[in-house]
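Inspection log for the structure reproduced underneath, given as structure tokens.
Below, read A as the first sequence line, B as the second, and so on, with proteins coming before strands; counting in each chain starts at 1.
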2 protein chains.
Amino acid sequence: MIEKKSEALCFGGRQQVWTHKSEATATDMTFGLYLPPQAEEGPVPVLVFLSGLTCTHENVITKAGAQHYCAEHGIALLAPDTSPRGLDLPGEHDDYDFGSGAGFYLNATQEPWDAHYHMARYVRGELLDAAEMAAPGLDMDRVSITGHSMGGHGALTLALRHPDRFKSVSAFAPICAPSEVPWGEKAFSRYLGEDRKTWRRYDACALIEDGARVPEILVDQGLADNFLDEQLRPERLEEACRDTGITLTVRRQAGYDHSYYFISTFIGDHIRWAAERLKA
Amino acid sequence: MIEKKSEALCFGGRQQVWTHKSEATATDMTFGLYLPPQAEEGPVPVLVFLSGLTCTHENVITKAGAQHYCAEHGIALLAPDTSPRGLDLPGEHDDYDFGSGAGFYLNATQEPWDAHYHMARYVRGELLDAAEMAAPGLDMDRVSITGHSMGGHGALTLALRHPDRFKSVSAFAPICAPSEVPWGEKAFSRYLGEDRKTWRRYDACALIEDGARVPEILVDQGLADNFLDEQLRPERLEEACRDTGITLTVRRQAGYDHSYYFISTFIGDHIRWAAERLKA
């Protein structure tokens, strides 16, 4: 069951919004899908964009200016929501950095979150299946992933855990070592419990330390980002990648903050970077 | 009195939001100002973007992707609000198409609107003065204007009434003949009263019929726009311009609707078009 909620022409392609029933979250889920004009003629590759705290599927499709570059490079953009919706679990809507809008792209093991908060499983499985059902013009053998902040964490960890599924990975201002920073400690302890060993599969630095590998990673990080030192910590990712064979490029962008003004400035580079790595 | 509310780097330039006291509206007014990187080195020209019904200063600066093109062409984007704010006049907030968010870029003559709703005077005067105060790097002798829907109407009428002030004019899906369509009839009768003669100076087609001239006008209009036949009526602008010497280009864009997906697709063309006409 999948239903198209809206469609608008944009840069010659179709910006769509879809809703479908998810087994992983046991809720309806909504995602944005931009099909570039090239999708009319044959299969196009797909870039998944995972959004940050407080966002829905809508932020990146309305604020990033991504469609311009997707149309240029013939790549689809798939933008899921950041958590299950329509629930009212105890405390679910109290904080901006936990619960609704803050699924952290993991599979929760602690009550009551374990009944619904399976965003890792959702993104890797049902989201891609639903997109394929929505648009036969997608080449699901050529899928890359990127994301912003909490979504950058999601992109890094999903790519590291499933390097065959995602052909490339990049991130904007990602939470690089969530186990070691306040956002991650708060979310992981409630979603996953107090045993920190279970946190390692949702922490990009820990995954790399434990042997997970991707060939290369591109990161853009604004130096005027308020969350840089306390929450994001790209230097931890640089440490983790050292001597691993992972080619990590961290571009420190002077003067840029954590907002969509930052994302919109550099998303063209990330789309081109993914498109080059997704060439048939 | 002018105060910077926020600033973020975007495409190497500065996206700012300012608030200042306006005499025209007898309220505080807020505007967005994007300064391209070229403004650091010398005066840059200015494109005023007037937004449509329900919008604030924020929509175009977050959803249009305009900064990319402004940085490319070295032009500033100045985005005012669509009405006075912070008031509570009788009925002011009841309708999406009248009162707050719906100032129609005119000078009201009817009570109680005449005390505040002077958006024509505001845009032409204080807005430009405030921008100059905010950013000495603007060349206020080189100013063009554009806008969307109600803001397209505002751009056309302000340019026709002040052809020396605005060096070029273009519009996205403008209300071309407001005196003849429901949106305009509702707004004009309440802001200006029932004497339709007084409406003519705020109606692009009537202004042209009464002798107002600009050298050329560029209009983009989506053919899947829900408001096209009832409210926008570009064919009326074509009729009005016939045999006047005004070079009107109406680009009818198949499949495009009234949204920012439409604006973002074509705003690069409008910024380039203005920039070419603003060359020093």
If the condition is side chain to side chain contact (heavy atoms under 4.5 Å, CB included), which residues does A/A79 pass it with, not counting sequence neighbours? A/V60, A/I61

Is B/A254 in contact with chain A via its backbone, its side chain, both, or neither, using a 4.5 Å heavy-atom distance? backbone

Summary of salt bridge (charged side-chain N to carboxylate O under 4.0 Å, His left out) pairs that have at least one residue in residues 143-154 of chain B, sequence neighbours excluded: none

Heaviest contributor of heavy-atom pairs below 4.5 Å to chain B, chosen from A/G12, A/G65, A/G255, is A/G255

Record all donor-acceptor atom pairs with a distance under 3.5 Å between chain A and chain B; write none if the list is empty.
from	atom 1	to	atom 2	distance (Å)
A/F11	N	B/T265	OG1	2.8
A/G12	N	B/Y256	OH	2.7
A/H68	ND1	B/Y69	OH	2.9
A/Y69	OH	B/H68	ND1	2.8
A/Y256	OH	B/G12	N	2.7
A/T265	OG1	B/F11	N	2.8

